[in-house]
There are 2 protein chains.
Amino acid sequence: MHAMNAGQRIDRFQLIPIAAKPAPSTIEALFKKQTLCQVEAGATLFYEGDSASHLFEVVQGVLRIFKIIGDGRRVITGFLYPGDLVGVSLKDRYLYSAEAVTDLRFRRFGRREFQDAVNASLELRPELFARLCDEMAAAQNQMVLLSRKNAEERVCSFLLEHLRREQRTCPNASIIELPMTRLDIADYLGLTIETVSRTFTKLMSRGLIAPEGRHALRVVRARGLARLTGGEYEDDNDFPMRSRHN
Amino acid sequence: MHAMNAGQRIDRFQLIPIAAKPAPSTIEALFKKQTLCQVEAGATLFYEGDSASHLFEVVQGVLRIFKIIGDGRRVITGFLYPGDLVGVSLKDRYLYSAEAVTDLRFRRFGRREFQDAVNASLELRPELFARLCDEMAAAQNQMVLLSRKNAEERVCSFLLEHLRREQRTCPNASIIELPMTRLDIADYLGLTIETVSRTFTKLMSRGLIAPEGRHALRVVRARGLARLTGGEYEDDNDFPMRSRHN
DNA sequence: CGCCTAATTGACAAATTTCAATGGTGGTGG
DNA sequence: CCACCACCATTGAAATTTGTCAATTAGGCG
C-alpha cells in the first residue's frame with residue numbers, strides 16, 4: 001500500500017572528523033574508536049536480506065528500520081536514536097532494512113570484530129544482553145499496541161513514548177520533535193496516514209497537544225494523553241496486573 | 001474484552017520422576033539436571049510483574065505468554081513448545097504472564113544460577129544469544145502480521161507456522177495440533193474469536209484445510225495457504241526484497 | 001512566485017467487531 | 001447409560017472503526 005521514500009544505497013560513507021560525546025557506556029566507548037560516518041536523510045544503510053557484515057551505532061539523527069511484505073506494505077519496527085545499536089543478531093543476513101529519517105551520523109563495526117570484543121569483555125556482555133532485553137520488551141509493547149489498541153490509543157502511546165525520550169535528556173520538556181513523516185508514523189503504528197492525521201487533529205482540538213512548527217509539537221496535557229493510551233503507561237503507578245495470588 | 005481462563009497460581013509444583021530426552025543442546029543439558037515439574041492445563045507459572053526469580057524450560061505441552069492491558073484486553077505474545085525457554089531477561093520482574101495451555105511439564109532454573117552457568121560456559125553464551133535473536137526475529141514477524149496483515153493472512157500465517165513446527169519433527173506431516181482455544185488464537189492474532197472462526201470456515205470451504213478431530217486439523221494444500229499469508233513465507237524462494245542497488 | 005510534496009479533510013466503502021442466537025461436545029452425576 | 005450443564009465454536013445481522021479515494025490546503029525550496 002505505502003510507497004517508501006526512495007533513497008539510494010550508500011556504499012562509500014562520507015567521513016566526518018567530529019566526535020559526539022553522549023552518556024558514557026562501554027559499548028559506546030567501543031564504537032567511539034570507529035570512524036564517524038554521515039549520510040543524508042533518505043539514505044539506506046542496508047536492506048533486509050543483505051549480508052549482515054556490520055553493526056551500527058546511531059550517533060546523531062534518526063533511523064528507521066522496517067520490513068516490507070509482498071505487495072509493498074511496509075512495517076516500521078522501530079525508530080532509532082543516538083546511542084541505539086542496529087543490526088545486532090547472529091543471523092548472517094539483516095532482518096530488516098534501515099534508512100536515515102534525517103541526516104544521520106553513525107559508526108560502524110565489523111560484525112566479527114564486534115563479536116570478539118564483546119566476548120573478550122566481562123562488562124560488554126551484560127550490556128549487550130541488557131540492550132537485547134530492552135529491545136525485546138519494546139517489541140512486546142509494540143505487539144500489544146498493534147494487536148489491541150485503537151487509533152487514538154496508538155497515537156497517544158506514540159506521543160508519550162517520544163515525550164519520554166525527550167524527557168530523558170530534558171526532564172520537563174514538553175515539546176517533541178517528530179522528524180519522520182506522517183507515513184512513517186502510520187507505518188509504525190499500523191494505521192494509514194489519514195487516520196494518523198485525523199487523530200492528531202482530534203487531539204489538538206481537545207487541547208491535549210498543540211502544533212509547534214512544522215516538525216514538532218507541544219504536549220499540553222501529558223496526563224490526559226497518558227489516560228488515552230489504553231493502559232501500560234506505568235507513569236507513577238507501577239504494575240497494574242497483580243491481584244489474586246495464592 | 002476477553003476474559004482469561006482462570007487458573008490459580010501454582011507455588012508447589014508436582015514433581016515427576018520421568019525425564020524426556022529431546023534433541024541435545026547445551027542449555028537443554030543444563031536444564032536436564034533440574035527437577036521436572038508438572039502442572040495442569042490452565043495453571044499459571046507466573047504473572048507479569050512478579051519478581052523474576054526463575055527461568056523455565058518447557059519439556060512437554062504448550063505454554064502461552066501474554067500481556068493484559070487496562071480494561072482486560074489480552075495479547076498473547078507467544079505460544080511456547082518443548083525446548084523453549086521462558087523468562088529470559090535481565091529485568092527483575094517478568095514482562096508477561098505465563099499459563100499452561102495444556103497439561104505441562106517443565107523445568108525451572110534459578111535466575112542467578114542460570115546467569116552464572118551461562119557466564120561460565122563458552123558454549124552456552126552463544127546459544128542463549130542465538131535464542132534471543134530468534135525470539136527477536138519472531139517478534140518482528142509478529143509485528144508485521146499484526147500491523148499489516150488482514151484476517152485471512154493472519155490465520156494462514158498462523159497455520160503455516162504451526163505446520164512448520166510439526167514438520168521439524170516429522171518432515172511431511174500435514175496434521176497440526178491446535179491445543180489452544182479459538183480465544184487464544186484470536187488473542188495471538190489480534191482478531192476476535194468470531195473472525196478466526198469465520199476464517200477457518202472459509203479456508204475449509206475452499207478445501208485448503210480440513211477438520212481432523214476436535215483439536216487438530218489437516219493442511220490439505222500448504223502451497224495454497226502459503227500464497228495467502230501475504231508474503232514473508234520464504235518456503236523455497238529466499239529473500240524477496242532485494243532489487244535496486246547502486 | 002510557483003511548484004512539488006506532505007498533510008488535511010470529506011465522503012464513501014470495506015473489513016472487522018459487536019451483539020445475539022444457535023449448535024456441538026465433553027464431563028458429571030443421577 | 002442417559003440427561004443436563006458448562007463451555008467453546010459457529011453463524012448471522014447490525015454497528016463501528018478504519019481504510020480508500022478524491023479534492024483541497026499548506027509549506028518548503030528553488
Side-chain angles (χ1 to χ4, degrees), chain A residues 1-7 40-42 64 71-75 101-103 145-156 178-205 209-217 228 230, chain B residues 1-7 40-42 64 71-75 101-103 145-156 178-205 209-217 228 230:
Chain A
M1 229 102 295
H2 292 142
M4 276 185 295
N5 310 13
E40 292 187 344
R64 63 179 163 246
D71 47 349
R73 285 173 284 185
R74 182 179 70 158
V75 177
V101 171
T102 62
D103 287 354
L145 179 144
L146 294 171
S147 186
R148 290 278 177 243
K149 290 189 180 179
N150 63 30
E152 186 174 282
E153 291 169 333
R154 293 182 195 203
V155 170
C156 290
L178 295 177
M180 65 293 287
T181 66
R182 290 285 188 272
L183 181 57
D184 285 333
I185 298 174
D187 285 351
Y188 180 62
L189 297 179
L191 299 170
T192 59
I193 202 176
E194 292 94 338
T195 301
V196 171
S197 186
R198 279 186 251 269
T199 308
F200 273 147
T201 304
K202 188 163 51 164
L203 294 176
M204 290 190 185
S205 75
I209 57 177
E212 196 78 27
R214 195 87 189 85
H215 271 288
L217 59 80
L228 297 177
Chain B
M1 226 99 294
H2 291 142
M4 277 184 293
N5 310 14
E40 291 187 346
R64 64 178 163 247
D71 48 349
R73 284 172 285 184
R74 182 179 71 159
V75 177
V101 171
T102 63
D103 287 353
L145 179 145
L146 294 171
S147 188
R148 289 279 177 243
K149 290 188 180 180
N150 63 31
E152 186 175 280
E153 292 169 333
R154 293 183 196 202
V155 170
C156 290
L178 295 178
M180 64 293 286
T181 66
R182 290 285 187 274
L183 182 57
D184 285 333
I185 297 174
D187 285 351
Y188 180 62
L189 297 179
L191 300 170
T192 59
I193 201 176
E194 293 93 338
T195 301
V196 171
S197 186
R198 280 185 250 270
T199 308
F200 273 147
T201 303
K202 189 165 48 163
L203 294 177
M204 290 190 185
S205 74
I209 57 177
E212 194 78 31
R214 195 87 192 83
H215 273 288
L217 60 80
L228 296 177

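Keep in mind that what you see is a predicted model, and the values were worked out from it rather than measured. Proteins come first, then strands; the chains are lettered A, B, ... in the order of their sequence lines, and each starts at number 1. All values below come from the heavy atoms of this structure, side chains included, with hydrogens, waters and symmetry mates left out.
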Find the distance A:Leu183:CG to C:dT8:P and express it as a whole number of Å.
13 Å

Against the side chain of B:Thr181, the closest entry in D:dC8, D:dT10, C:dT16 is D:dC8

Please examine the side chains of A:Leu183 and A:Arg74, heavy atoms only from C-beta on, and report whether any two atoms are closer than 4.5 Å.
yes

Can you measure A:Leu178 atom CG to C:dA6 atom C1' for me and round it to whole angstrom units?
14 Å

Between C1' of C:dT17 and CZ of A:Arg148, the distance in whole Å:
10 Å

Only one of B:Thr195, B:Ile185, B:Thr199, B:Leu146 forms a side chain to side chain contact (heavy atoms under 4.5 Å, CB included) with B:Arg154, so which one is it?
B:Leu146

Round to a whole Å and report the spacing from CZ of B:Arg154 to P of C:dA15.
14 Å

If we only count heavy atoms from C-beta on, is the B:Lys202 to B:Glu152 side-chain gap below 4.5 Å?
yes

Find the distance A:Asp184:CG to C:dA7:P and express it as a whole number of Å.
9 Å

Please check the phosphate of C:dT9 (OP1 and OP2 only) for any side-chain N or O of A:Thr201 closer than 4.0 Å.
yes

What's B:Gly213 touching, base or sugar-phosphate or nothing? Going by heavy atoms closer than 4.0 Å.
nothing

Are A:Val75 and A:Arg73 packed together at the side-chain level, in the sense that at least one heavy-atom pair is separated by less than 4.5 angstrom?
no

Any idea which of C:dT9, D:dT18, D:dT10 is nearest the A:Arg198 side chain?
C:dT9

Mapping A:His215 and A:Thr195 onto DNA chain D by nearest heavy atom, which one lands closer to the 5' end?
A:Thr195

Atom-pair distance (CG on B:Asn150; C1' on C:dT16), nearest Å
11 Å

Both A:Arg214 and B:Phe200 contact DNA chain D. Which one's nearest nucleotide lies toward the 5' end?
B:Phe200

For atom CD1 of A:Ile209 and atom C1' of C:dT8, their distance in whole Å
14 Å

Could you check which of D:dG19, C:dT18, D:dA9 has an atom nearest any side-chain atom of B:Arg182?
D:dA9

Side chain proximity check, A:Phe200 to A:Arg182, heavy atoms < 4.5 angstrom:
yes

When rounded to whole Å, the NZ to P distance for the pair B:Lys202 and D:dT11 reads 13 Å

Closest listed nucleotide, where the reference is the side chain of B:Glu194 and the choices are D:dT20, C:dC19, D:dT18:
C:dC19

